[in-house]
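For reference, the structure is listed below as structure tokens.
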Amino acid sequence: MKRNVYILAGMLSLGALFTGCDDDDNVGKAVNITVTDAKNLESDIFGVVVTEGQPLQLKPFIMPESARENAVSYHFAGEPTGAIDLSADGLITPKLVTPATGAIPNPLGTDTIIVRVDDGSGTFVKYPVRVISNVVVVSSITIQSAGQSIEVENGKTFDLAQYVTVNPGNATDKSVTYSSEDETVAIVNQQGVITIVGEVGQTTNVLVTANDRGGQSAVCRVKVAAEAPMYVGFPYSEKWKATSNLGAKEGDIQNLFDDKNGTFWCPDIKTRPVYDPVCYLDIDLGEVIKFGQLGYRHRSLNYSHLQCHTFKLEAKKAEGDTWTDLGEYVTEKLKVDDYQLFPVEPVEARYIRITFIKGHLRDGYTDWDYQENGNVSVGDLQVFIYNR
């Protein structure tokens with residue numbers, strides 16, 4: 001219809017040109033109308049989305065500017081389905097509600113509306129209006145790698161909850177239930193604290209299950225250890241802060257700690273082995289721990305950029321302290337599935353600095369020999385506490 005309106009306007013202009021008449025009948029009339037709330041729903045379908053319980057006032061946009069003083073009217077196209085109410089001034093009020101049980105339809109329902117310019121031009125637009133649920137269902141539960149498989153002594157406890165993340169963050173019901181598959185090996189309370197009660201070598205799983213209708217779950221594998229592990233993963237939390245002298249090229253720097261094999265790409269580094277500027281990443285853990293080990297995993301997205309080859313570790317307890325040098329470390333090439341572990345001399349620390357010195361691989365090369373050129377990508381990082 002909009003295309004026909006443009007063609008008609010063009011024909012009228014062309015007719016005026018050939019006849020030489022001064023016809024002002026179309027001055028100030030609309031040739032096109034949209035609403036600013038419309039979006040591309042799928043393929044070539046444009047429409048309006050409203051959320052259950054949240055009315056939406058439509059905002060029309062008319063072309064040309066001279067036609068914007070004309071009145072606009074709002075109508076249903078055909079018989080309404082009952083998904084929405086539509087007022088004379090374009091206020092959409094959703095009428096549908098999410099069913100109490102079972103799957104949530106998406107959308108809950110649809111009505112189609114017409115927005116018309118009442119200037120005699122016949123200009124209008126037709127949109128489907130979809131009502132969506134205001135319930136955000138849990139899509140997944142993730143457990144940081146340090147909590148995915150644990151070895152704990154008999155009689156000791158492990159706080160699993162601090163490693164658990166419910167996704168997305170705005171899920172309506174983020175509560176979870178903890179359960180043990182074998183309570184003769186390990187029991188767990190509803191705060192996520194696991195207590196080991198079994199014999200050395202016994203194993204079981206602790207399940208973390210979302211309480212909403214999505215039914216998502218995750219598993220922590222538990223083994224009864226003969227003695228306490230030397231290192232325990234320090235869980236990432238909102239207390240952590242990460243800063244660098246070079247900004248992230250892809251995503252957020254915090255993605256380095258989410259166990260999702262994200263990327264921190266340092267695009268401005270061009271000279272090796274001494275970077276200018278030197279590329280460092282500072283981590284503030286939010287509290288003092290006995291730092292004993294760093295885990296590092298190469299990014300798995302692709303190998304078109306240099307991966308971290310050699311890095312230097314430093315640590316300090318207070319912000320005003322001098323950095324303590326913990327040594328240089330070389331990563332193993334191509335290892336993307338598991339963390340590489342780099343023990344350090346145990347030190348009380350709140351702040352950790354990682355300085356990236358060399359990189360593996362550059363674009364077009366098939367080996368992982370050290371190269372002098374190319375950008376640097378950094379994979380996932382994990383901090384461990386010295387546990388003895």
Side-chain angles (χ1 to χ4, degrees), residues 1-99 104-137 139 168 170 172 249-251:
M1 178 62 195
K2 288 187 283 185
R3 180 181 178 188
N4 292 338
V5 171
Y6 282 123
I7 294 173
L8 177 60
M11 291 174 64
L12 289 172
S13 300
L14 189 61
L17 177 64
F18 280 110
T19 61
C21 296
D22 294 327
D23 187 353
D24 294 331
D25 287 349
N26 292 307
V27 174
K29 289 190 175 181
V31 296
N32 190 25
I33 182 172
T34 60
V35 295
T36 58
D37 312 280
K39 62 179 68 176
N40 189 195
L41 302 180
E42 57 189 75
S43 184
D44 295 326
I45 299 176
F46 280 78
V48 177
V49 175
V50 291
T51 302
E52 167 192 358
Q54 300 178 20
L56 175 68
Q57 177 64 57
L58 294 174
K59 300 179 181 66
F61 181 80
I62 300 172
M63 290 295 291
E65 186 175 354
S66 60
R68 293 176 189 168
E69 297 302 319
N70 290 307
V72 175
S73 61
Y74 304 88
H75 316 270
F76 283 104
E79 190 68 23
T81 68
I84 64 170
D85 277 333
L86 178 64
S87 72
D89 61 355
L91 177 68
I92 295 175
T93 304
K95 295 173 65 177
L96 301 176
V97 295
T98 303
I104 300 176
N106 187 24
L108 296 175
T110 302
D111 267 319
T112 302
I113 63 170
I114 290 174
V115 184
R116 176 179 290 118
V117 185
D118 295 329
D119 61 355
S121 66
T123 303
F124 73 90
V125 66
K126 183 165 66 174
Y127 289 123
V129 179
R130 295 178 177 176
V131 180
I132 62 171
S133 172
N134 61 9
V135 175
V136 180
V137 177
S139 60
N170 65 336
T172 302
K249 180 68 174 180
E250 298 175 3

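What's counted below: heavy atoms across the whole structure, side chains too, no hydrogens, waters or symmetry copies.
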Of all the heavy-atom pairs spanning [X] and [Y], show the shortest one and how long it is.
X	Y	result
Asn70	Ala30	ND2-N, 4.5 Å
Val49	Leu56	O-CD2, 4.3 Å
Arg68	Phe61	NH2-CZ, 3.3 Å
Pro94	Val131	CB-CG1, 4.0 Å
Thr110	Ala83	N-CB, 3.8 Å

side-chain hydrogen bond (donor to acceptor under 3.5 Å, both in side chains) partners for Ser139, two or more places apart: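 Ser139: no side-chain hydrogen bond (donor to acceptor under 3.5 Å, both in side chains) contacts found.
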Under the side-chain hydrogen bond (donor to acceptor under 3.5 Å, both in side chains) test, residues paired with Ser73 that sit two or more places apart: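 Residues passing side-chain hydrogen bond (donor to acceptor under 3.5 Å, both in side chains) with Ser73: His75, Asp118.
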Could you check whether any side-chain heavy atom of [X] comes within less than 4.5 Å of a side-chain heavy atom of [Y], counting everything from C-beta outward?
X	Y	result
Thr34	Val125	no
Pro64	Val31	yes
Ile113	Leu58	yes
Val35	Phe46	no

Distance-only side-chain donor-acceptor flag, Asn134 / Thr51, under 3.5 Å: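 On atom types as modelled, these side chains do not qualify, holding no pair under 3.5 Å.
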Derivation of the side chain to side chain contact (heavy atoms under 4.5 Å, CB included) call for Thr172 and Val137: CA-CA 6 Å; Thr172 302; Val137 177; over 6 Å; no
Nearest-0.5 Å distance, CD1 of residue Ile132 to CD of residue Gln54: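 Taking CD1 in Ile132 and CD in Gln54, the distance rounds to 8.0 Å.
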Pair Glu52-Leu96, side chain to side chain contact (heavy atoms under 4.5 Å, CB included): steps then yes or no: CA-CA 7 Å; Glu52 167 192 358; Leu96 301 176; over 6 Å; no
Side chain to side chain contact (heavy atoms under 4.5 Å, CB included) between Val72 and Ile62, worked out: CA-CA 10 Å; Val72 175; Ile62 300 172; 3.7 Å; yes
Would you say the side-chain atoms of [X] pair up with the backbone N or O of [Y], donor to acceptor, closer than 3.5 Å?
X	Y	result
Ser121	Lys29	no
Asn40	Ile45	yes
Asp37	Val48	no

Neighbour count above 12 (heavy atom, 6.0 Å) for Gln57 CD: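 Atom CD in Gln57 is crowded, with more than 12 foreign heavy atoms closer than 6.0 Å.
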Residue among Ile84, Ile114, Thr112, Thr81 satisfying side chain to side chain contact (heavy atoms under 4.5 Å, CB included) with Phe76: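 Single side chain to side chain contact (heavy atoms under 4.5 Å, CB included) partner of Phe76 among Ile84, Ile114, Thr112, Thr81: Ile84.
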